[in-house]
Trainee: 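Here it is, the structure in full.
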Amino acid sequence: MDQIFLANNESFMAANLIRALTTPTLIPSIIYSVIGGILTIVIYDKYAKKGYFLPYIYFGTTALLYTFSHIFLVIFVEEERRNIESVIDQNVEKNVTSIMHENALYISLIISAVGSYFALLAILRLLEVWIRVGLQRNLHLSKYYLGVLTATLSAIPFVFAVCGSVIFIQESKKEEEEEDLIRLKKGLTLKLISASFYVVLILFYLIICLSYAWATYISNMVEKSVNQSEKNSISEEMIVLVERTFTKTFLMLLTLGLLSLTRFIYDVYVTALMIKFGPVWDADTNLILVVITGIILLIVTCVSDLPNVKVLVVLTKMNLKPQKQTRNIIDTEEVILLSRSPIHFDVER
């Protein structure tokens, strides 16, 4: 894939940094725009069909923003192509100072940062609901305060990313002699801090997810053995259904976390390269780690049943409520009312 850097890298450092960060390529951007648009509609539709479960809104907004981000990349590439063709037709040497259609790249850069915020918020929200409702842990903690904490943690790297992007945009609008290389390096540092913070949060998410999943798995194995030896009231069909739901939910959370981690590791990698070597063009890696993994993440969201995180999958908790075991699966929207939290709601959304 041909790079779209301006001819003089040192004189137009800010503009080239923005091009390196957004990596505008025509075909991958068109593919993402089409698929992302379709998946956005599907996710928003599932929000209405699945009882208005809030993470669907977060993932749908992520899909919408990433789709618009790539649409603006398509607009930029087309304007760039027309600009180059007009210069060639006039038999004039290409004058990079005449390229004034960078606004599409600016919008794409900011929208992409907002999309990453909602992506992180969505998976953290899913994990919180699974632990508090599906696993019945930490019921003394308020859902309201946990929601505020999740939104705050997700906002920290988002603020760093936007601040870095604003610095690039401001510098790219200056004349070439006025560009402040120190400010550009500061902007790259902010972007690196943002990407690193995203990676740390996702790793933290994965560690918590694995820890709680392992503890629940051991607990269910012990309870299953006790149930078989003492012939308790939990049926074999119920146990099989709980195990299946637990496995599907855990794999869904793990997959979403790993796909998000891949995207943010790429951001760390490319930003670190630019701090050391200046603007770098790595369209092939961007295609694999950003475009393809982004599409897969949205597909996983569409095919998965996100409200499964609200289904009780702890056998020891079921033994405490034999009168509820006539159902195939206990809906823990009732159980959540046992929380000692000063703030609770009747329906998890």
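These numbers were taken from a predicted model, which means no experiment stands behind them.
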Trainee: Evaluate side chain to side chain contact (heavy atoms under 4.5 Å, CB included) for Y198 paired with R263, printing each intermediate quantity in order.
Mentor: CA-CA 10 Å; Y198 274 124; R263 163 67 183 266; over 6 Å; no
Trainee: Is I43 reachable from I41 through a run of hydrophobic residues whose side-chain heavy atoms are each under 4.5 Å from the next?
Mentor: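 Cluster IDs for I41 and I43 differ.
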Trainee: OH/Y212 to CH2/W130 distance, rounded to the nearest 0.5 angstrom?
Mentor: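 The OH atom of Y212 sits 10.5 Å away from the CH2 atom of W130.
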Trainee: Nearest 0.5 Å, please: how far is CD in Q136 from OG1 in T216?
Mentor: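 CD of Q136 is found 11.0 Å from OG1 of T216.
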Trainee: Roughly how far, to the nearest 0.5 Å, is the CD1 atom of I110 from the CD1 atom of I169?
Mentor: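 One finds 4.5 Å between CD1 of I169 and CD1 of I110.
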Trainee: A side-chain contact here means heavy atoms from C-beta on lying under 4.5 Å apart; do I288 and T293 qualify?
Mentor: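 A side-chain contact under 4.5 Å is absent here.
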Trainee: Distance from Y106 atom OH to I18 atom CD1, nearest 0.5 Å?
Mentor: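 The OH atom of Y106 sits 5.0 Å away from the CD1 atom of I18.
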Trainee: Would a 4.5 Å heavy-atom cut-off, applied to side chains only, mark P157 and Y117 as touching?
Mentor: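 They are not in side-chain contact.
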Trainee: Does L241 offer a backbone N or O that forms a donor-acceptor pair with the side chain of T245 under 3.5 Å?
Mentor: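 Yes, T245 side chain to L241 backbone: donor-acceptor pair under 3.5 Å.
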Trainee: Do T23 and D282 come close enough that some side-chain heavy atom pair is under 4.5 Å?
Mentor: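 Side-chain contact under 4.5 Å: no.
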Trainee: For residues V280 and A20, report the shortest heavy-atom separation together with the two atoms involved.
Mentor: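 Minimum heavy-atom contact is O-CB, 3.4 Å.
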Trainee: Applying the 4.5 Å side-chain criterion to the ILVMFWY set and letting contacts propagate, would V313 and I218 be lumped into a single cluster?
Mentor: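 Yes; I218 is reachable from V313 via cluster members.
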Trainee: Determine the interplanar angle of the Y47 and Y52 rings, folded into 0 to 90°, and report it as parallel if under 30°, tilted if 30 to 60°, perpendicular if over 60°.
Mentor: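 The arrangement is perpendicular - the two ring planes meet at more than 60°.
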Trainee: Tell me whether S219 contacts the main-chain N or O of A215 through its side chain, where contact means a donor paired with an acceptor under 3.5 Å.
Mentor: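 Not at all, since once roles are kept as given, no pair shorter than 3.5 Å links the two residues.
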Trainee: Can you list everything that forms a side chain to side chain contact (heavy atoms under 4.5 Å, CB included) with I107? Sequence neighbours excluded, please.
Mentor: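 Result, side chain to side chain contact (heavy atoms under 4.5 Å, CB included) vs I107: F72, I111.
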Trainee: Please step through side chain to side chain contact (heavy atoms under 4.5 Å, CB included) for the pair L17 and K191, ending with a clear verdict.
Mentor: CA-CA 11 Å; L17 285 174; K191 297 290 284 188; over 6 Å; no
Trainee: Is there a side-chain contact between V309 and M252 in this structure, where contact means two heavy atoms from C-beta onward sitting under 4.5 Å apart?
Mentor: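 In short, these two side chains touch, coming nearer than 4.5 Å.
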Trainee: Decide if the gap between the ring center of Y44 and the ring center of Y56 is smaller than 6.0 angstrom.
Mentor: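 Between Y44 and Y56, the centre distance exceeds or equals 6.0 Å.
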Trainee: Could you walk me through whether F59 and L306 pass side chain to side chain contact (heavy atoms under 4.5 Å, CB included), step by step?
Mentor: CA-CA 11 Å; F59 278 117; L306 299 186; 3.9 Å; yes
Trainee: For V268, which residues count as a side chain to side chain contact (heavy atoms under 4.5 Å, CB included) partner, sequence neighbours excluded?
Mentor: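 L192, A195, S196, V199.
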Trainee: Using the test ring-ring contact (aromatic ring centres under 6.0 Å, His included), find all partners of Y32 that sit at least two apart in sequence or belong to another chain.
Mentor: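 Scan of Y32 (ring-ring contact (aromatic ring centres under 6.0 Å, His included), adjacent residues dropped) gives H70.
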Trainee: Using modelled atom types and a 3.5 Å cut-off, is there a donor and acceptor pairing between side-chain atoms of N220 and backbone atoms of E243?
Mentor: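 Looks like no, no N/O pair under 3.5 Å.
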Trainee: Taking atom CZ of F160 as the centre, report whether more than 12 heavy atoms of other residues, nucleotides or ligands fall under 6.0 Å from it.
Mentor: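 No, not enclosed.
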Trainee: Side chains of L124 and S154, heavy atoms from C-beta outward: is any pair under 4.5 Å?
Mentor: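 In short, these two side chains touch, coming nearer than 4.5 Å.
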Trainee: Quick one: do E78 and R81 make a salt bridge, cutoff under 4.0 Å?
Mentor: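 The answer is yes: the pair qualifies as a salt bridge.
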Trainee: Do I193 and T189 touch side chain to side chain, with heavy atoms closer than 4.5 Å?
Mentor: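 The answer is yes, as the side chains (C-beta and beyond) meet within the 4.5 Å cut-off.
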Trainee: Would you indicate whether the side-chain heavy atoms of L105 and E80 approach each other to under 4.5 Å?
Mentor: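 SC-SC contact between E80 and L105 ruled out.
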Trainee: Judged by modelled atom types alone, do T285 and Y269 share a side-chain donor-acceptor pair under 3.5 Å?
Mentor: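 No, Y269 and T285 have no side-chain donor paired with an acceptor closer than 3.5 Å.
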Trainee: Give a yes or no answer on whether the side chain of E171 reaches the backbone of F168 with a donor-acceptor pair at less than 3.5 Å.
Mentor: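 Absent.
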Trainee: Would you say the side chain of V291 lies within less than 4.5 Å of the side chain of N286, judging by non-hydrogen atoms?
Mentor: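 When only atoms from C-beta onward are counted, V291 and N286 do touch, with a gap below 4.5 Å.
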Trainee: Let me check something: do L251 and I208 share a hydrophobic cluster, defined by ILVMFWY side-chain heavy atoms less than 4.5 Å apart, either directly or through other members?
Mentor: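 Result: yes, single cluster for both.
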Trainee: Check for me, please, whether L258 and F197 land in the same ILVMFWY cluster - side-chain distances under 4.5 Å, paths through other members count.
Mentor: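 Shared cluster, yes.
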Trainee: Does C302 offer a backbone N or O that forms a donor-acceptor pair with the side chain of K46 under 3.5 Å?
Mentor: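 Confirmed, K46 side chain pairs with C302 backbone.
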Trainee: Please report the interatomic distance CG(L210) to CG(L253), rounded to the nearest 0.5 Å.
Mentor: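 The CG atom of L253 is 10.5 Å from CG of L210, to the nearest 0.5 Å.
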Trainee: If you count the non-hydrogen atoms of other residues, nucleotides and ligands that lie under 6.0 Å from CZ in F68, is the total more than 12?
Mentor: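 No, because the 6.0 Å sphere around CZ of F68 holds 12 heavy atoms or fewer from other groups.
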Trainee: For a side chain to side chain contact (heavy atoms under 4.5 Å, CB included) check, start with the C-alpha distance between K186 and D180, then their side-chain angles and the critical distance, and finish with the verdict.
Mentor: CA-CA 10 Å; K186 185 183 296 184; D180 189 342; over 6 Å; no
Trainee: Using the rule that Ile, Leu, Val, Met, Phe, Trp and Tyr join whenever any side-chain heavy atoms are under 4.5 Å apart, tell me whether L203 and I265 fall into a single cluster.
Mentor: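 Yes: a chain of side-chain contacts under 4.5 Å links L203 to I265.
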Trainee: Report, as yes or no, whether the 6.0 Å neighbourhood of atom CD1 on I182 holds more than 12 heavy atoms from other residues, nucleotides or ligands.
Mentor: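 Not more than 12 within 6.0 Å, no.
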Trainee: Donor-acceptor check, side chain of S108 to backbone of A104, threshold 3.5 angstrom: yes or no?
Mentor: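 Between the backbone of A104 and the side chain of S108 there is no qualifying donor-acceptor contact (under 3.5 Å).
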Trainee: Looking at K50 and D305, does any basic side-chain N land under 4.0 Å from a carboxylate oxygen?
Mentor: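 Looking at K50 and D305, the cut-off is met.
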Trainee: Have S33 and T67 got a donor and an acceptor in their side chains that come within less than 3.5 Å?
Mentor: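 On atom types as modelled, these side chains do not qualify, holding no pair under 3.5 Å.
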Trainee: How long is the gap from CG on L259 to CD1 on I292, to the nearest 0.5 Å?
Mentor: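 Between atom CG of L259 and atom CD1 of I292 there are 11.5 Å.
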